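Let me begin by presenting the structure, written as C-alpha coordinates, before commenting on it.
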Amino acid sequence: MTDFKPKSDFLKTLIERGYIHQCSDYEGLDALAAKGEVTAYVGYDCTARSLHVGSLISIMMLSWLQKTGNKPIALMGGGTTRVGDPSGRDETRRILTIEDINANKEGIQGVFDKIIQFGPGKSDAVMVDNAEWLTTLNYIEMLRDVGRHFSVNRMMSMDSVRMRLEREQELSFIEFNYMILQAYDFTELSRRYGCNLQMGGSDQWGNIVNGIDLGRRMGTQQLYALTCPLLTTASGAKMGKTASGAVWLNADMLTAYDYWQFWRNTEDADVGKFLKLFTFLPMEEIRRLEALAGAEINEAKKVLATEATALMHGRTAAEAAAETARTTFSGGTATALPSVEVTKGELEAGLGVLAAFVKAGLVPSNGEARRQVQSGGLRVNDAVVTDPAQILKPADAINDGAIKLSFGKKKHVLLRPA
RNA sequence: GGGGGAAUGUCCCGAGCGGCAAAGGGGGCGGACUGUAAAUCCGCUGGCUACGCCUUCGCAGGUUCGAGUCCUGCUUCCCCCA
(Lines give C-alpha, C1' and ligand atoms only; values in the text may rest on other atoms or scores of the structure.)
Protein backbone atom coordinates (compact mmCIF):
# COMPACT_ATOMS: atom_id res chain seq x y z
CA MET A 1 0.00 0.00 0.00
CA THR A 2 2.89 2.32 0.74
CA ASP A 3 4.15 2.33 -2.81
CA PHE A 4 0.77 2.05 -4.47
CA LYS A 5 -0.04 5.07 -6.64
CA PRO A 6 -3.78 5.35 -7.11
CA LYS A 7 -5.18 6.81 -10.31
CA SER A 8 -8.75 7.17 -9.08
CA ASP A 9 -9.88 10.16 -7.05
CA PHE A 10 -11.66 7.75 -4.76
CA LEU A 11 -8.63 5.82 -3.58
CA LYS A 12 -6.42 8.88 -3.76
CA THR A 13 -8.70 10.64 -1.29
CA LEU A 14 -9.19 7.69 1.00
CA ILE A 15 -5.49 6.96 1.21
CA GLU A 16 -4.54 10.58 1.68
CA ARG A 17 -7.08 11.04 4.44
CA GLY A 18 -6.24 7.88 6.30
CA TYR A 19 -9.45 5.94 5.79
CA ILE A 20 -7.85 2.71 4.71
CA HIS A 21 -6.82 -0.15 6.89
CA GLN A 22 -6.89 -3.02 4.42
CA CYS A 23 -7.93 -3.58 0.84
CA SER A 24 -8.28 -6.86 -0.99
CA ASP A 25 -6.94 -5.55 -4.30
CA TYR A 26 -5.81 -1.96 -4.71
CA GLU A 27 -5.10 -2.10 -8.44
CA GLY A 28 -8.34 -3.81 -9.34
CA LEU A 29 -10.45 -1.49 -7.26
CA ASP A 30 -8.56 1.56 -8.44
CA ALA A 31 -9.24 0.70 -12.06
CA LEU A 32 -12.98 0.43 -11.41
CA ALA A 33 -13.09 3.60 -9.36
CA ALA A 34 -11.26 5.53 -12.04
CA LYS A 35 -14.12 4.70 -14.39
CA GLY A 36 -16.77 5.49 -11.80
CA GLU A 37 -17.87 1.88 -11.79
CA VAL A 38 -17.69 1.15 -8.10
CA THR A 39 -20.91 0.44 -6.27
CA ALA A 40 -20.09 -0.02 -2.63
CA TYR A 41 -22.07 -0.85 0.44
CA VAL A 42 -21.66 -0.63 4.16
CA GLY A 43 -23.98 -2.52 6.44
CA TYR A 44 -25.35 -1.03 9.65
CA ASP A 45 -26.80 -3.13 12.41
CA CYS A 46 -30.00 -1.85 13.94
CA THR A 47 -28.93 -2.40 17.51
CA ALA A 48 -29.68 1.10 18.81
CA ARG A 49 -31.92 4.01 17.98
CA SER A 50 -28.99 5.96 16.62
CA LEU A 51 -25.59 5.27 15.14
CA HIS A 52 -22.62 6.68 17.01
CA VAL A 53 -19.33 8.22 15.97
CA GLY A 54 -17.83 4.80 15.45
CA SER A 55 -20.03 4.40 12.39
CA LEU A 56 -19.43 7.89 11.14
CA ILE A 57 -16.12 7.01 9.55
CA SER A 58 -17.78 4.55 7.18
CA ILE A 59 -20.57 6.98 6.37
CA MET A 60 -17.87 9.45 5.42
CA MET A 61 -16.35 6.84 3.15
CA LEU A 62 -19.67 6.38 1.41
CA SER A 63 -19.87 10.10 0.97
CA TRP A 64 -16.39 10.31 -0.56
CA LEU A 65 -17.27 7.41 -2.79
CA GLN A 66 -20.16 9.44 -4.12
CA LYS A 67 -18.21 12.67 -4.38
CA THR A 68 -15.72 10.85 -6.57
CA GLY A 69 -18.36 9.65 -8.97
CA ASN A 70 -19.32 6.22 -7.67
CA LYS A 71 -22.46 4.75 -6.15
CA PRO A 72 -23.03 4.17 -2.43
CA ILE A 73 -25.47 1.75 -0.86
CA ALA A 74 -26.46 2.09 2.76
CA LEU A 75 -27.59 -1.32 3.92
CA MET A 76 -29.84 -1.49 6.95
CA GLY A 77 -29.29 -4.73 8.79
CA GLY A 78 -32.96 -5.29 9.50
CA GLY A 79 -32.44 -8.98 8.83
CA THR A 80 -28.94 -9.60 10.20
CA THR A 81 -29.68 -7.77 13.42
CA ARG A 82 -32.16 -10.51 14.19
CA VAL A 83 -29.18 -12.84 14.30
CA GLY A 84 -26.42 -10.79 15.94
CA ASP A 85 -22.84 -10.28 14.86
CA PRO A 86 -20.37 -12.03 17.18
CA SER A 87 -17.39 -10.06 15.83
CA GLY A 88 -15.40 -8.44 18.56
CA ARG A 89 -17.84 -9.41 21.23
CA ASP A 90 -17.25 -11.47 24.30
CA GLU A 91 -20.80 -12.38 24.85
CA THR A 92 -23.89 -13.16 22.90
CA ARG A 93 -25.85 -10.10 22.04
CA ARG A 94 -29.21 -9.75 23.58
CA ILE A 95 -31.70 -10.93 21.01
CA LEU A 96 -33.72 -7.90 19.96
CA THR A 97 -37.39 -8.05 19.18
CA ILE A 98 -38.48 -7.31 15.66
CA GLU A 99 -40.33 -4.21 16.85
CA ASP A 100 -37.16 -2.90 18.46
CA ILE A 101 -35.16 -3.58 15.34
CA ASN A 102 -37.65 -1.72 13.18
CA ALA A 103 -37.75 1.20 15.56
CA ASN A 104 -33.97 1.33 15.58
CA LYS A 105 -33.91 1.25 11.81
CA GLU A 106 -36.23 4.25 11.71
CA GLY A 107 -33.91 6.12 14.02
CA ILE A 108 -30.76 5.28 12.12
CA GLN A 109 -31.92 6.06 8.58
CA GLY A 110 -32.02 9.80 9.08
CA VAL A 111 -28.31 10.45 9.31
CA PHE A 112 -27.37 9.25 5.87
CA ASP A 113 -28.97 11.92 3.74
CA LYS A 114 -27.13 14.57 5.68
CA ILE A 115 -23.98 13.86 3.75
CA ILE A 116 -25.10 11.50 1.02
CA GLN A 117 -27.43 12.17 -1.91
CA PHE A 118 -30.14 9.59 -2.45
CA GLY A 119 -32.12 9.21 -5.63
CA PRO A 120 -32.53 7.32 -8.88
CA GLY A 121 -29.46 8.70 -10.69
CA LYS A 122 -26.31 6.80 -11.58
CA SER A 123 -24.25 7.90 -8.61
CA ASP A 124 -27.19 8.58 -6.35
CA ALA A 125 -27.19 6.51 -3.20
CA VAL A 126 -29.62 3.72 -2.44
CA MET A 127 -30.83 2.51 0.90
CA VAL A 128 -31.94 -1.08 1.31
CA ASP A 129 -32.77 -3.41 4.14
CA ASN A 130 -31.46 -6.96 4.08
CA ALA A 131 -34.63 -8.12 5.79
CA GLU A 132 -35.99 -7.86 2.26
CA TRP A 133 -34.23 -11.03 1.15
CA LEU A 134 -33.03 -12.67 4.35
CA THR A 135 -36.38 -13.12 6.04
CA THR A 136 -37.87 -15.03 3.16
CA LEU A 137 -35.03 -17.51 2.80
CA ASN A 138 -35.89 -21.15 2.90
CA TYR A 139 -33.59 -23.12 5.17
CA ILE A 140 -33.04 -26.17 3.01
CA GLU A 141 -32.57 -24.15 -0.15
CA MET A 142 -30.20 -21.89 1.69
CA LEU A 143 -28.11 -24.82 2.83
CA ARG A 144 -27.95 -26.24 -0.68
CA ASP A 145 -27.24 -23.00 -2.50
CA VAL A 146 -25.12 -21.14 -0.03
CA GLY A 147 -24.20 -23.39 2.87
CA ARG A 148 -22.34 -25.87 0.69
CA HIS A 149 -19.82 -23.17 -0.19
CA PHE A 150 -18.80 -22.67 3.41
CA SER A 151 -16.17 -24.79 5.06
CA VAL A 152 -16.83 -25.17 8.75
CA ASN A 153 -13.11 -25.83 9.19
CA ARG A 154 -12.39 -22.40 7.84
CA MET A 155 -15.22 -20.72 9.68
CA MET A 156 -13.79 -22.03 12.92
CA SER A 157 -10.53 -20.32 12.14
CA MET A 158 -12.10 -16.89 11.60
CA ASP A 159 -11.10 -14.43 14.30
CA SER A 160 -14.61 -13.78 15.49
CA VAL A 161 -15.20 -17.47 16.06
CA ARG A 162 -11.74 -18.49 17.13
CA MET A 163 -11.58 -15.91 19.88
CA ARG A 164 -14.74 -17.19 21.42
CA LEU A 165 -13.54 -20.75 21.26
CA GLU A 166 -10.11 -20.00 22.66
CA ARG A 167 -11.50 -18.04 25.54
CA GLU A 168 -14.06 -20.74 26.08
CA GLN A 169 -16.92 -18.35 25.70
CA GLU A 170 -20.25 -19.39 24.42
CA LEU A 171 -20.90 -18.99 20.72
CA SER A 172 -24.38 -19.97 19.79
CA PHE A 173 -25.29 -21.47 16.47
CA ILE A 174 -27.36 -18.46 15.52
CA GLU A 175 -24.33 -16.18 15.83
CA PHE A 176 -22.16 -18.68 14.02
CA ASN A 177 -24.42 -18.12 11.05
CA TYR A 178 -23.99 -14.37 10.97
CA MET A 179 -21.02 -14.45 8.64
CA ILE A 180 -22.90 -16.59 6.19
CA LEU A 181 -25.74 -14.12 6.04
CA GLN A 182 -23.38 -11.19 5.64
CA ALA A 183 -21.55 -12.99 2.85
CA TYR A 184 -24.87 -13.71 1.24
CA ASP A 185 -25.86 -10.04 1.49
CA PHE A 186 -22.83 -9.11 -0.54
CA THR A 187 -23.72 -11.48 -3.35
CA GLU A 188 -27.35 -10.44 -3.25
CA LEU A 189 -26.42 -6.76 -3.50
CA SER A 190 -24.09 -7.63 -6.32
CA ARG A 191 -26.92 -9.26 -8.22
CA ARG A 192 -29.51 -6.63 -7.50
CA TYR A 193 -27.46 -3.46 -7.72
CA GLY A 194 -24.17 -4.47 -9.30
CA CYS A 195 -22.50 -3.88 -5.98
CA ASN A 196 -18.83 -4.79 -6.17
CA LEU A 197 -17.28 -3.40 -3.00
CA GLN A 198 -18.04 -3.78 0.66
CA MET A 199 -16.54 -1.42 3.16
CA GLY A 200 -16.57 -1.51 6.94
CA GLY A 201 -14.48 -1.37 10.08
CA SER A 202 -11.38 -3.53 10.28
CA ASP A 203 -13.25 -5.99 12.48
CA GLN A 204 -15.42 -6.75 9.46
CA TRP A 205 -12.55 -7.94 7.30
CA GLY A 206 -13.25 -11.61 7.81
CA ASN A 207 -16.93 -11.26 7.08
CA ILE A 208 -16.27 -9.22 3.97
CA VAL A 209 -13.70 -11.60 2.58
CA ASN A 210 -16.14 -14.45 3.09
CA GLY A 211 -18.53 -12.51 0.90
CA ILE A 212 -15.92 -12.19 -1.82
CA ASP A 213 -15.31 -15.94 -1.75
CA LEU A 214 -18.98 -16.72 -1.82
CA GLY A 215 -19.43 -14.34 -4.72
CA ARG A 216 -16.76 -16.11 -6.71
CA ARG A 217 -18.34 -19.48 -6.07
CA MET A 218 -21.79 -18.24 -6.92
CA GLY A 219 -20.65 -16.49 -10.06
CA THR A 220 -20.96 -12.79 -9.31
CA GLN A 221 -18.57 -10.27 -10.76
CA GLN A 222 -15.25 -9.81 -8.95
CA LEU A 223 -15.92 -8.35 -5.51
CA TYR A 224 -13.63 -6.20 -3.38
CA ALA A 225 -13.06 -5.47 0.29
CA LEU A 226 -11.96 -2.23 1.88
CA THR A 227 -11.78 -1.65 5.62
CA CYS A 228 -11.10 1.39 7.72
CA PRO A 229 -9.25 1.45 11.04
CA LEU A 230 -11.29 1.11 14.19
CA LEU A 231 -11.23 4.37 16.01
CA THR A 232 -9.15 4.76 19.09
CA THR A 233 -7.73 7.95 20.51
CA ALA A 234 -3.99 8.56 20.47
CA SER A 235 -3.81 7.46 24.10
CA GLY A 236 -5.41 4.19 23.20
CA ALA A 237 -8.89 4.63 24.62
CA LYS A 238 -11.73 3.36 22.55
CA MET A 239 -13.34 6.33 20.95
CA GLY A 240 -16.95 7.25 21.18
CA LYS A 241 -17.56 7.45 24.87
CA THR A 242 -18.19 10.63 26.79
CA ALA A 243 -19.15 11.29 30.36
CA SER A 244 -22.77 10.72 29.53
CA GLY A 245 -22.29 7.65 27.40
CA ALA A 246 -21.96 6.99 23.70
CA VAL A 247 -21.51 9.79 21.22
CA TRP A 248 -24.71 9.45 19.26
CA LEU A 249 -25.20 11.02 15.89
CA ASN A 250 -28.92 11.70 16.28
CA ALA A 251 -29.82 15.09 17.67
CA ASP A 252 -32.49 13.67 19.95
CA MET A 253 -29.91 11.39 21.57
CA LEU A 254 -27.09 13.91 21.94
CA THR A 255 -27.44 17.65 21.60
CA ALA A 256 -25.41 19.66 19.11
CA TYR A 257 -23.74 21.35 22.06
CA ASP A 258 -22.58 18.05 23.57
CA TYR A 259 -21.56 16.77 20.16
CA TRP A 260 -19.51 19.92 19.58
CA GLN A 261 -17.91 19.46 23.01
CA PHE A 262 -16.97 15.89 22.18
CA TRP A 263 -14.90 17.05 19.22
CA ARG A 264 -13.59 20.09 21.03
CA ASN A 265 -12.05 17.76 23.65
CA THR A 266 -10.04 15.81 21.11
CA GLU A 267 -6.50 14.98 22.18
CA ASP A 268 -3.80 17.08 20.54
CA ALA A 269 -2.31 14.10 18.80
CA ASP A 270 -5.60 13.24 17.12
CA VAL A 271 -6.57 16.61 15.69
CA GLY A 272 -5.03 16.12 12.26
CA LYS A 273 -6.32 12.59 11.96
CA PHE A 274 -9.84 13.61 12.89
CA LEU A 275 -9.90 16.64 10.61
CA LYS A 276 -9.08 14.33 7.73
CA LEU A 277 -11.59 11.67 8.67
CA PHE A 278 -14.51 13.70 9.96
CA THR A 279 -14.57 16.90 7.94
CA PHE A 280 -14.59 17.69 4.25
CA LEU A 281 -12.08 20.49 4.65
CA PRO A 282 -9.46 20.54 1.88
CA MET A 283 -6.12 18.99 2.70
CA GLU A 284 -4.17 22.27 2.50
CA GLU A 285 -6.39 23.73 5.19
CA ILE A 286 -5.99 20.64 7.36
CA ARG A 287 -2.24 20.68 7.00
CA ARG A 288 -2.20 24.28 8.13
CA LEU A 289 -4.41 23.53 11.14
CA GLU A 290 -2.54 20.47 12.32
CA ALA A 291 0.72 22.34 12.17
CA LEU A 292 -0.43 24.67 14.93
CA ALA A 293 1.68 24.09 18.01
CA GLY A 294 1.08 24.31 21.73
CA ALA A 295 -2.06 26.06 22.88
CA GLU A 296 -2.66 27.27 19.32
CA ILE A 297 -3.93 23.84 18.45
CA ASN A 298 -7.08 24.76 20.30
CA GLU A 299 -8.00 26.79 17.24
CA ALA A 300 -7.79 23.64 15.17
CA LYS A 301 -9.97 21.82 17.67
CA LYS A 302 -12.64 24.48 17.41
CA VAL A 303 -12.63 24.23 13.64
CA LEU A 304 -12.85 20.46 13.92
CA ALA A 305 -15.74 20.72 16.36
CA THR A 306 -17.70 23.17 14.29
CA GLU A 307 -17.14 21.40 10.99
CA ALA A 308 -17.96 17.97 12.38
CA THR A 309 -21.04 19.28 14.14
CA ALA A 310 -22.18 21.09 11.01
CA LEU A 311 -22.23 17.80 9.12
CA MET A 312 -24.63 16.11 11.53
CA HIS A 313 -26.54 18.99 13.07
CA GLY A 314 -26.33 21.69 10.43
CA ARG A 315 -24.16 24.78 10.20
CA THR A 316 -26.49 26.96 12.28
CA ALA A 317 -26.63 24.59 15.21
CA ALA A 318 -22.88 24.06 15.01
CA GLU A 319 -22.15 27.75 15.18
CA ALA A 320 -24.62 28.20 18.01
CA ALA A 321 -22.85 25.43 19.90
CA ALA A 322 -19.51 27.10 19.28
CA GLU A 323 -20.89 30.38 20.56
CA THR A 324 -22.41 28.78 23.65
CA ALA A 325 -19.07 27.17 24.38
CA ARG A 326 -17.24 30.43 23.85
CA THR A 327 -19.28 32.36 26.39
CA THR A 328 -19.39 29.51 28.86
CA PHE A 329 -15.68 28.84 28.87
CA SER A 330 -14.69 32.47 28.95
CA GLY A 331 -16.38 32.74 32.31
CA GLY A 332 -19.80 33.87 31.23
CA THR A 333 -23.14 32.13 31.25
CA ALA A 334 -24.63 31.32 27.92
CA THR A 335 -28.39 31.26 27.85
CA ALA A 336 -28.35 28.45 25.34
CA LEU A 337 -26.95 25.90 27.76
CA PRO A 338 -29.04 22.80 28.26
CA SER A 339 -31.77 23.62 30.76
CA VAL A 340 -34.04 21.73 33.11
CA GLU A 341 -37.24 23.13 34.53
CA VAL A 342 -38.27 23.26 38.16
CA THR A 343 -41.63 24.47 39.39
CA LYS A 344 -41.76 27.80 41.18
CA GLY A 345 -43.28 26.05 44.16
CA GLU A 346 -40.34 23.69 44.48
CA LEU A 347 -37.94 26.59 44.56
CA GLU A 348 -39.99 28.63 46.99
CA ALA A 349 -40.12 25.69 49.35
CA GLY A 350 -36.35 25.51 49.11
CA LEU A 351 -34.58 22.93 46.96
CA GLY A 352 -31.57 21.06 48.39
CA VAL A 353 -28.44 21.43 46.26
CA LEU A 354 -27.88 17.72 46.12
CA ALA A 355 -31.38 17.09 44.85
CA ALA A 356 -31.02 19.96 42.39
CA PHE A 357 -27.96 18.39 40.77
CA VAL A 358 -29.71 15.06 40.53
CA LYS A 359 -32.75 16.73 39.03
CA ALA A 360 -30.54 18.47 36.49
CA GLY A 361 -29.20 15.08 35.47
CA LEU A 362 -25.63 16.05 36.23
CA VAL A 363 -25.15 13.32 38.81
CA PRO A 364 -26.97 10.01 39.16
CA SER A 365 -27.72 10.05 42.88
CA ASN A 366 -27.78 12.08 46.01
CA GLY A 367 -24.83 10.16 47.34
CA GLU A 368 -22.77 10.92 44.25
CA ALA A 369 -23.65 14.60 44.58
CA ARG A 370 -22.54 14.51 48.19
CA ARG A 371 -19.22 12.96 47.22
CA GLN A 372 -18.70 15.54 44.55
CA VAL A 373 -19.25 18.30 47.07
CA GLN A 374 -16.42 16.73 49.08
CA SER A 375 -14.05 16.95 46.17
CA GLY A 376 -15.25 20.38 45.14
CA GLY A 377 -16.77 19.35 41.85
CA LEU A 378 -20.11 21.12 42.12
CA ARG A 379 -20.81 24.80 41.58
CA VAL A 380 -23.94 26.93 41.76
CA ASN A 381 -23.72 30.11 39.73
CA ASP A 382 -19.97 29.51 39.47
CA ALA A 383 -19.53 29.38 43.25
CA VAL A 384 -18.19 26.09 44.61
CA VAL A 385 -20.68 24.24 46.78
CA THR A 386 -19.15 23.55 50.17
CA ASP A 387 -22.23 22.71 52.19
CA PRO A 388 -24.24 19.67 51.12
CA ALA A 389 -27.18 21.04 53.07
CA GLN A 390 -27.27 24.27 51.06
CA ILE A 391 -30.76 25.23 49.92
CA LEU A 392 -31.57 26.86 46.59
CA LYS A 393 -34.19 29.58 46.64
CA PRO A 394 -35.85 31.81 44.03
CA ALA A 395 -33.30 34.50 44.85
CA ASP A 396 -30.56 32.28 43.42
CA ALA A 397 -31.99 32.65 39.94
CA ILE A 398 -29.71 35.34 38.64
CA ASN A 399 -28.61 34.33 35.18
CA ASP A 400 -31.44 35.24 32.85
CA GLY A 401 -33.81 34.12 35.58
CA ALA A 402 -32.13 30.73 35.88
CA ILE A 403 -29.73 29.05 38.26
CA LYS A 404 -26.53 27.77 36.70
CA LEU A 405 -25.42 24.39 37.97
CA SER A 406 -21.98 23.14 37.00
CA PHE A 407 -20.47 19.72 37.44
CA GLY A 408 -16.76 19.76 36.89
CA LYS A 409 -15.39 22.27 34.44
CA LYS A 410 -17.27 21.14 31.39
CA LYS A 411 -20.81 20.22 32.26
CA HIS A 412 -23.34 22.96 32.87
CA VAL A 413 -27.11 23.02 33.14
CA LEU A 414 -29.47 25.90 33.71
CA LEU A 415 -32.24 25.31 36.22
CA ARG A 416 -35.24 27.34 35.09
CA PRO A 417 -38.16 28.09 37.38
CA ALA A 418 -41.41 27.61 35.52
C1' G B 1 -24.61 -41.04 32.87
C1' G B 2 -20.02 -40.70 36.65
C1' G B 3 -16.17 -37.46 38.98
C1' G B 4 -14.00 -32.49 39.78
C1' G B 5 -14.17 -27.03 39.58
C1' A B 6 -16.51 -22.19 39.09
C1' A B 7 -20.28 -18.10 39.82
C1' U B 8 -18.20 -11.73 44.36
C1' G B 9 -19.67 -4.79 44.55
C1' U B 10 -25.43 -4.90 37.84
C1' C B 11 -18.49 -1.55 33.74
C1' C B 12 -14.55 -5.34 33.82
C1' C B 13 -10.70 -8.38 36.28
C1' G B 14 -10.24 -10.18 41.05
C1' A B 15 -8.90 -11.34 46.79
C1' G B 16 -11.93 -12.82 50.64
C1' C B 17 -9.63 -17.65 59.11
C1' G B 18 -17.86 -17.07 60.48
C1' G B 19 -18.12 -10.12 62.49
C1' C B 20 -17.95 -7.49 55.61
C1' A B 21 -20.42 -2.21 52.59
C1' A B 22 -16.41 -6.64 51.52
C1' A B 23 -8.56 -6.18 49.86
C1' G B 24 -6.22 -4.92 45.14
C1' G B 25 -6.20 -3.55 40.02
C1' G B 26 -8.32 -1.62 35.39
C1' G B 27 -11.93 1.67 33.75
C1' G B 28 -14.86 5.95 35.10
C1' C B 29 -15.71 10.64 37.75
C1' G B 30 -13.96 15.00 40.52
C1' G B 31 -9.72 18.15 42.18
C1' A B 32 -4.59 20.27 41.33
C1' C B 33 -1.21 21.58 37.19
C1' U B 34 -2.26 23.23 31.94
C1' G B 35 -4.62 25.03 26.82
C1' U B 36 -11.89 22.68 27.72
C1' A B 37 -5.25 18.43 25.45
C1' A B 38 -1.70 14.66 27.07
C1' A B 39 1.41 13.09 31.07
C1' U B 40 1.67 13.46 36.39
C1' C B 41 -0.13 13.89 41.47
C1' C B 42 -4.43 13.72 45.06
C1' G B 43 -9.48 12.18 46.22
C1' C B 44 -13.95 9.44 45.10
C1' U B 45 -16.19 5.11 42.80
C1' G B 46 -23.94 0.64 46.69
C1' G B 47 -28.78 3.57 48.13
C1' C B 48 -31.31 6.76 51.66
C1' U B 49 -35.17 11.13 55.11
C1' A B 50 -27.22 9.98 56.64
C1' C B 51 -22.66 10.24 63.37
C1' G B 52 -28.09 6.23 61.87
C1' C B 53 -30.96 3.08 58.51
C1' C B 54 -31.61 -0.13 54.08
C1' U B 55 -29.97 -3.40 50.01
C1' U B 56 -25.62 -6.23 47.99
C1' C B 57 -21.36 -11.79 46.90
C1' G B 58 -25.75 -17.25 40.92
C1' C B 59 -31.09 -18.90 43.17
C1' A B 60 -33.94 -20.96 47.39
C1' G B 61 -33.81 -22.80 52.18
C1' G B 62 -30.98 -24.18 56.86
C1' U B 63 -27.18 -23.99 61.05
C1' U B 64 -25.52 -19.62 64.06
C1' C B 65 -26.01 -14.05 68.49
C1' G B 66 -23.92 -13.20 63.55
C1' A B 67 -22.99 -16.19 56.81
C1' G B 68 -19.76 -13.84 50.79
C1' U B 69 -17.54 -17.46 54.08
C1' C B 70 -20.50 -23.63 57.00
C1' C B 71 -24.77 -27.35 55.50
C1' U B 72 -28.92 -28.89 51.86
C1' G B 73 -31.37 -28.46 47.28
C1' C B 74 -31.59 -25.89 42.49
C1' U B 75 -29.72 -23.07 38.05
C1' U B 76 -25.83 -21.89 34.68
C1' C B 77 -20.79 -22.50 32.87
C1' C B 78 -16.06 -25.14 32.54
C1' C B 79 -12.75 -29.61 32.96
C1' C B 80 -11.93 -35.02 33.17
C1' C B 81 -14.00 -40.04 32.52
C1' A B 82 -18.08 -43.03 29.84
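Predicted model, so just to flag it, every value in this text is computed and none were measured. Letters A, B, ... mirror the listed sequences (proteins, then strands); counts begin at 1.
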Under a 3.5 Å limit on both distances, the Watson-Crick or wobble mate of B:C57 is none
Would you say B:C29 has OP1 or OP2 under 4.0 Å from some side-chain N or O of A:Lys410?
no
A:Asn265 CG to B:A38 C1', straight-line distance once rounded to whole Å:
12 Å
Would you say A:Asn366 places a side-chain N or O within less than 4.0 Å of OP1 or OP2 belonging to B:U49?
yes
Of residues 284-300 of chain A, the positions that come close to RNA chain B - non-hydrogen atoms, cut-off under 4.0 Å:
A:Gly294, A:Ala295, A:Ile297, A:Asn298
Sticking with atom C1', work out how far B:G62 lies from B:G14, rounded to a whole angstrom.
30 Å
When the P atoms of B:C70 and B:U76 are considered, how many whole Å apart are they?
23 Å
Between B:U8 and B:G25, how far is it from one C1' atom to the other, in whole Å?
15 Å
With a 6.0 Å cut-off (strictly less than), is the heavy-atom count around NZ of A:Lys114, excluding the residue itself, greater than 12?
yes
Go through the N and O atoms of the side chain of A:Lys411 and the base of B:U36, and report whether any donor-acceptor pair is under 3.5 Å.
no
Expressed as a whole number of Å, how far does the P atom of B:G35 sit from that of B:C42?
23 Å
Counting C-beta onward and ignoring hydrogens, is there a side-chain heavy-atom pair between A:Ile180 and A:Met155 closer than 4.5 Å?
yes
Run the salt-bridge test on A:Lys302 and A:Glu307 with the 4.0 Å N-O cut-off and return the result as yes or no.
no
Euclidean distance for C1', B:C65 against B:G31 (whole angstrom)
45 Å
To the nearest Å, how far apart are A:Leu304 CG and B:A37 P?
15 Å
Rounding to an integer number of angstrom, what distance separates B:U69 and B:A6 when you compare their P atoms?
14 Å
Checking base pairs now: Watson-Crick or wobble, both atom distances under 3.5 Å. What partners B:C51?
none
A:Phe112 and A:Tyr44 aromatic centres sub-6.0 Å:
yes
For B:U40, the Watson-Crick or wobble partner whose two distances fall under 3.5 Å:
B:A32
The side chain of A:Asp268 lies closest to which of these nucleotides: B:U36, B:G35, B:C29?
B:G35
Identify the nucleotide, in any strand shown, that forms a Watson-Crick or G-U wobble pair with B:U75, with both distances under 3.5 Å; if there is none, say none.
B:A7
At 4.0 Å (heavy atoms only), tell me whether A:Thr266 reaches a base, stays on the sugar-phosphate, or touches nothing.
sugar-phosphate
Tell me: CG of A:Asp270 to P of B:A39, nearest whole Å?
11 Å
Thinking salt bridges, do A:Arg216 and A:Asp213 make one under a 4.0 Å N-O criterion?
yes
Ranking A:Phe329 and A:Gly367 by the position along RNA chain B of their nearest nucleotide, the one closer to 5' is A:Phe329
Once you measure the plane-to-plane angle for A:Trp263 and A:Phe278, does it fall in the parallel (<30°), tilted (30-60°) or perpendicular (>60°) bin?
tilted
Distance between P atoms of B:C74 and B:U64 (Å, rounded)
23 Å
Around A:Gln22, counting heavy atoms of other residues, nucleotides and ligands shown, do more than 12 lie under 6.0 Å from its CD?
yes
Can you say whether a donor on the side chain of A:Glu368 sits under 3.5 Å from an acceptor on the base of B:U45, or the other way round?
no
B:C79 to B:C11 separation - C1' atoms, rounded to the nearest Å:
29 Å
For the residue pair A:Tyr259 and A:His313, categorise the inter-ring angle as parallel (less than 30°), tilted (30 to 60°) or perpendicular (more than 60°).
tilted
Does OP1 or OP2 of B:G47 have a side-chain N or O of A:Arg371 closer than 4.0 Å?
yes
Distance alone, cut at 3.5 Å: any donor-acceptor contact between the side chains of A:Asp9 and A:Trp64?
no
Looking at RNA chain B, which of residues 372-388 of chain A put a heavy atom within less than 4.0 Å of it?
A:Gln372, A:Ser375, A:Gly376, A:Gly377
A:Gln204 versus A:Gln198, side-chain donor and acceptor atoms under 3.5 Å:
no
